[in-house]
There are 2 protein chains.
Amino acid sequence: MHGMTGKDAAGGGLRERKKRATRAALTEAAVRLAAEHGADHVTVEAISAAAGVSVRTFFNYFDSRDDAFVVVDADVGARVRRSLLDAPADLTPLEALREALAAELAEAERQHELWTLHAEVLRAAPHLLVRSLGAQMADEAGLAEVVAQRIAAGTREGAAAHSSGGEGRAPGLYPRLLAAVAGTAVRVSVQHWCDRQDEDVPFADVFREVFALLAAGLPAPGR
Amino acid sequence: MHGMTGKDAAGGGLRERKKRATRAALTEAAVRLAAEHGADHVTVEAISAAAGVSVRTFFNYFDSRDDAFVVVDADVGARVRRSLLDAPADLTPLEALREALAAELAEAERQHELWTLHAEVLRAAPHLLVRSLGAQMADEAGLAEVVAQRIAAGTREGAAAHSSGGEGRAPGLYPRLLAAVAGTAVRVSVQHWCDRQDEDVPFADVFREVFALLAAGLPAPGR
DNA sequence: GGCTGATTTTGCAGATCGTGCATTTTTGCA
DNA sequence: TGCAAAAATGCACGATCTGCAAAATCAGCC
């Protein structure tokens, strides 16, 4: 592996850093090999060899072979949640979420090479796209909880009407729905953007249009 | 090839019927065994034995072990599409889709035992819920296409403005988003209904509220 | 430097998954 | 009944994943 990427939040110990490096090396090896030979012709043995660790170690980092292709950045979820909490209070939940996700996606688009490579791999292997959704859904619960917190903070003296469900309990219906729909919106945006890549419309435009449609209540077009 | 696809209820040949029976036996065996012993302690060998076929035959019906748990009814997608096309023309796409899904869910709720058993299994095994999403997403493309057709039929002489993408090509942004969001809505409804099963609110109520929120553009609650 | 305890990596055995191929059984039809 | 197509089966083999215990590595300390 090459070098010295400042490793986001430079983890304190050498141990932490090395674990991060190994994990990153494994995912990168997996994605590159998949892009070259096709996702399901890549064995764990090949990935492990390319990353310079043993097969057994691979399974210390990932629960399954497919997981290596799915997770590009483990703590994107945490960043989005933080961003949501720090957002201006005058934004609606949908708007706040839109901004948080837009920022994160722009960030991801910056390492353009690995991003497009990864998109290409998922594109050619729908079965991996599904796993990717799974990872997305894992974050969904946590995201819903943060949405609930934000709403609770905003309605402090309003009638806490029916279903925010802040902090401790399971989130109410609205936060869950918002979190889930947001995830779906991201997926649809990416898919549609990939399909129409010949016309080179910026990804941000597709993304904004999707959220505009959602905010308008998915009205019937063309009437 | 004309109509008469009796494919649904009374399959034409004996062959077809027997295949359906075998497949149904396998899924039912899988779900029952999973409900009893936990999903990941059920081997294909056990499922095959319970259904009275060989292990190899199991893999003739399902691409993977997990697939036996996810697909309860193979042609629910086809029914929803048909229902969408037959819906009254004065419904918005979102409304039409809501009615189609509501009818299908009510139908599913009728075999209450297997339905709840299945929900319970997926609840205990998030990793299977993910597979379930995959099946959902497989139908998504077809659903989006039908939505596009419906819109195209409704706007015959309007400006076919930006993005319906009827019939042949890949569907436009709106149909895709609508299909995807609808699937998400179903999932969130079921999840939320399962979590709040102690308060016995009817599933239909949760479902209606979710679609009401979507139609209203996911507005900030309590303001 | 060298020692100690904790963490990580590694190899290995074994259970299960999933596939290709040839064979046998079943089904549809004349 | 006899025959061709389709499905079910057995078998072999590679790949995925899990415990378990030994070896290597790291952090802190004298």
Side-chain angles (χ1 to χ4, degrees), chain A residues 1 7 10-27 29-31 33-34 37-71 74 121 125-128 130-131 134-135, chain B residues 4-7 10-27 29-30 33-34 37-71 74 125-128 130-131 134-135:
Chain A
M1 54 191 111
K7 266 314 154 225
L14 194 161
R15 256 178 174 134
E16 288 301 319
R17 248 180 299 138
K18 220 180 176 190
K19 282 186 74 170
R20 281 173 181 276
T22 307
R23 171 176 274 269
L26 281 171
T27 57
V31 170
L33 287 174
H37 303 111
D40 41 341
H41 293 160
V42 178
T43 69
V44 257
E45 190 170 354
I47 300 173
S48 309
V53 295
S54 74
V55 175
R56 190 61 183 83
T57 298
F58 175 94
F59 285 107
N60 283 347
Y61 281 89
F62 299 98
D63 283 344
S64 87
R65 165 187 164 277
D66 295 352
D67 285 347
F69 302 102
V70 168
V71 182
V121 169
H127 123 80
L128 287 180
V130 169
R131 296 291 282 233
Chain B
M4 240 0 184
T5 67
K7 204 164 192 299
L14 195 161
R15 242 167 189 148
E16 289 300 319
R17 247 179 298 139
K18 214 178 180 191
K19 281 186 74 171
R20 281 174 182 280
T22 307
R23 170 176 276 267
L26 281 172
T27 57
L33 287 175
H37 303 110
D40 40 343
H41 293 160
V42 178
T43 69
V44 264
E45 190 169 354
I47 301 174
S48 309
V53 295
S54 74
V55 174
R56 191 60 184 83
T57 298
F58 176 95
F59 284 107
N60 284 347
Y61 281 89
F62 300 98
D63 283 344
S64 87
R65 164 186 165 279
D66 296 350
D67 284 347
F69 300 101
V70 301
V71 182
H127 122 78
L128 287 180
V130 168
R131 295 294 281 234

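Below, each value reflects all heavy atoms present in this structure, side chains not excepted, and no hydrogens, waters or symmetry copies. Proteins come first, then strands; the chains are lettered A, B, ... in the order of their sequence lines, and each starts at number 1. All values derive from a computational prediction rather than experimental measurement.
Nearest heavy-atom pair, B:V42 versus B:I47, reported as atom, atom and distance to 0.1 Å: CG1-CG1, 3.5 Å. What you find for B:S48 and B:F58 is that their closest heavy atoms are OG-CB, 3.5 Å. The two atoms that bring A:A39 and A:V121 nearest to each other are CB-CG1, 4.4 Å, heavy atoms only.
Taking the side chain of B:S64 as heavy atoms from C-beta on, and the options C:dG18, D:dT16, D:dT25, the nearest nucleotide is C:dG18. Of the listed nucleotides (C:dG18, C:dT26, D:dA7), D:dA7 has the atom at the smallest distance from the side chain of B:K19. Distance from the side chain of A:K18 is smallest for D:dT25 among the nucleotides D:dT16, D:dT25, C:dG11.
A cation-pi arrangement is present between B:R23 and B:F62 under the rule of less than 6.0 angstrom and at most 45 degrees off the ring axis.
The backbone N or O of B:V130 sits nowhere less than 3.5 Å from a side-chain atom of A:R131 that would complete a donor-acceptor pair.
Here D:dT16 presents its P atom at 11 Å from CG of A:D40, a figure rounded to the nearest Å. Rounded to whole Å, the distance from CZ on B:R65 to P on C:dC17 is 6 Å. The distance between atom CZ of A:R17 and atom P of C:dT7, rounded to the nearest whole Å, is 19 Å. Rounded to an integer number of Å, the gap from A:R23 CZ to C:dT8 C1' is 15 Å. Between the CD atom of A:E45 and the C1' atom of C:dG11 there is a distance of 13 Å, given to the nearest Å. B:H127 places its NE2 atom 12 Å from the C1' atom of C:dC17, with the value rounded to the nearest Å. As rounded to whole Å, 15 Å separates atom C1' of D:dT18 from atom CG of A:D67. Distance A:L26 CG to C:dT9 C1': 12 Å, rounded to the nearest Å.
Across all strands shown, C:dC17 forms a Watson-Crick or G-U wobble pair with D:dG14, both key distances being under 3.5 Å.
Among residue pairs with one or both ends in residues 52-61 of chain B, those qualifying as side-chain hydrogen bond (donor to acceptor under 3.5 Å, both in side chains) are B:S54-B:T57, B:R56-B:N60; sequence neighbours excluded.
Contacts between residues 55-63 of chain B and DNA chain D, defined by a heavy-atom separation below 4.0 Å, involve B:R56, B:T57, B:N60, B:Y61, listed by number.
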Trace of the side-chain contact (heavy atoms from CB on, under 4.5 Å) decision for B:V44 with B:F59:
CA-CA 9 Å; B:V44 264; B:F59 284 107; 4.0 Å; yes

